[in-house]
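Keep in mind the model is a prediction, meaning the values are calculated, not measured. In what follows, every heavy atom counts, from backbone to side chain, and hydrogens, waters and symmetry copies are set aside. The chains referred to below are lettered A, B, ... by the order of the sequence lines, with proteins before strands, and numbering in each begins at 1.
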Amino acid sequence: MQPLTNRAKVLEVRPLNFMERLYIPSILKGMAITIRHMFRKKVTVQYPEEKRPFSPVFRGLHVLNRDEEGRERCTACGLCAVACPAEAITMEAAERQQGEEGLYREEKYAAKYEINMLRCIFCGLCEEACPKDAIYLSETFAPSNYTRKGFIYGKPDLLIPDPVREPEAFAQAQGRIAERKATSGRTS
Amino acid sequence: MHLLAIDTALFLEKLSMVAVVVFALLGIALYTTFAERKVAGFMQDRHGPNRAGPLGLLQPLADGVKLFFKEELIPLASNRVLFILGPFIAMFTALITGAVVPWGSELELFDRRVSLTIANPDIGILYVFAVVSLGVFGIMIGGWASNNKFSLLAAIRGASQIISYELAMGLSLIALLMVTGTMSLSGIVKQQMAGGWGGLLGWNIFVQPLGFLIFLTCVFAECNRTPFDLPEAESELNMGYHQEYSSLKLGFFLFSEYVNMIVSSAVVSTLFFGGYDMPFVDEAALAGQIGANATAILGTLTLLAKIVFFLFLFMWIRWTIPRFRYDQLMELGWKKLLPLALANMLVTGAVALLLNR
């Protein structure tokens, strides 16, 4: 048969000769290999100190976005909840009252917006479904928790910091996104 | 009353020596477990434990504390007394082997010459032999009392392995004793120190290379180290004789293995590598220059360095060679090492006879 590669090695089966039966040469050979490995570069990633760069398409925890003036973009249309194959998203809509124009961008907003991170499969379909660019997936993942309740993320956990009232925190969050975009641009 | 007139100073001296040796053995064993994991890591391109303390140096303490606080479990079906006795025998025999090893020459303290050997019987090597063989009782009793099939198999394996390798070990030692003419360990060291190049040429490894090889192989088998770790073979016997053990009793079993390794390394160094003899250095001349005490301490450090080398060898081999199959182990012991040791003994005897003529 035609070999696929030229790396095929013909093995001859024969009883070991005297030198091989002594074992010692092969043991020394093996020991030479292991001692060489002692001085090799370590493959370990020292996790908390050293982090592997995320892939540009990594999908992590959700973030609810705001616009430039710090108003929530979400209008509680429910498209994300419909798109969600794991049915992890629930929301309750409410009407914007007088004097709340600075808080919500449109007349309708999500009074309650919850994602169950135990159900979520991080597929990113909610991000794709959203017509208002209100939800996107960041590159952090859900930290561990002692209770199931702790994995239900509400609005306070999901909302990005307000650019008007908390410019520093917002800049930080934005910076992370920009950084991620920059690195993804470099790698792709 | 003359019979009861015990030399108090001698008593104190030996007592402190015992304390030092026991604690040093335990301390070194503690860090040998750490070194083992580090070496394993490095040989597999990993870092090994490096989280507890700087460079992971507190890891053995963490391990010890963990073992100490684990729940103590004695299986209902086990033989309670023997179950407890097993690890204690293992630990006890491991520790008392260190009694006859000459850890150094002599210190001069308070106008006394303090020997750095706890006991120096004329049959030191026989004592080592006897006690090391007793060590297998720890495995056997522990494995049998567990009332567990795996443990029992491990105990059987351990016992038959020790018997098979003890013979070759003894025969290789007989050849060595024909050369040295003494069974006292410090006597053997003193003989080796007399060789050329500051003692290096006097080392018995040059007189008995084959004997050394056989002895080393048997030491690996006696210590239950890979490639002869059949009694604890994780993959087939599920940790073998200490499967049912938990808490500090498990710790004793694991620890006694390391203490055994250290003492075996010390015995190998003493028998074949000149013990506390510094190569290329004439100890008597050095003692004239920097004093007898400093020389003795340097000698002890030399022995420690040799021990560390052998400990590393133990680990190096462990992370290189796979385990022998059981029939291969028996074949190597009975069909290869034993005839080889016999031949070695015969040749040594003939040569010794010719030279002494």
Quiz item: Who in residues 213-225 of chain B is close to chain A, using a strict under-4.5 Å heavy-atom cut-off?
Solution: Leu213(B)
Quiz prompt | CZ (Arg14(A)) with more than 12 external heavy atoms under 6.0 Å | solution = yes
Quiz item: Taking non-hydrogen atoms and a cut-off under 4.5 angstrom, which of residues 26-44 of chain A neighbour chain B?
Solution: Ile27(A), Gly30(A), Met31(A), Thr34(A), Ile35(A), His37(A), Met38(A), Arg40(A), Lys41(A), Lys42(A), Val43(A), Thr44(A)
Quiz item: So does Gln98(A) have more than 12 non-hydrogen atoms from other groups sitting under 6.0 Å from CD?
Solution: no
Quiz item: More than 12 heavy atoms of other residues, nucleotides or ligands under 6.0 Å from CD of Glu50(A): is that the case?
Solution: yes
Quiz item: Just checking heavy atoms, which of residues 5-12 of chain A are less than 4.5 Å from chain B?
Solution: none
Quiz item: When only heavy atoms count and the cut-off is under 4.5 Å, which of residues 328-345 of chain B reach chain A?
Solution: Leu332(B), Lys336(B)
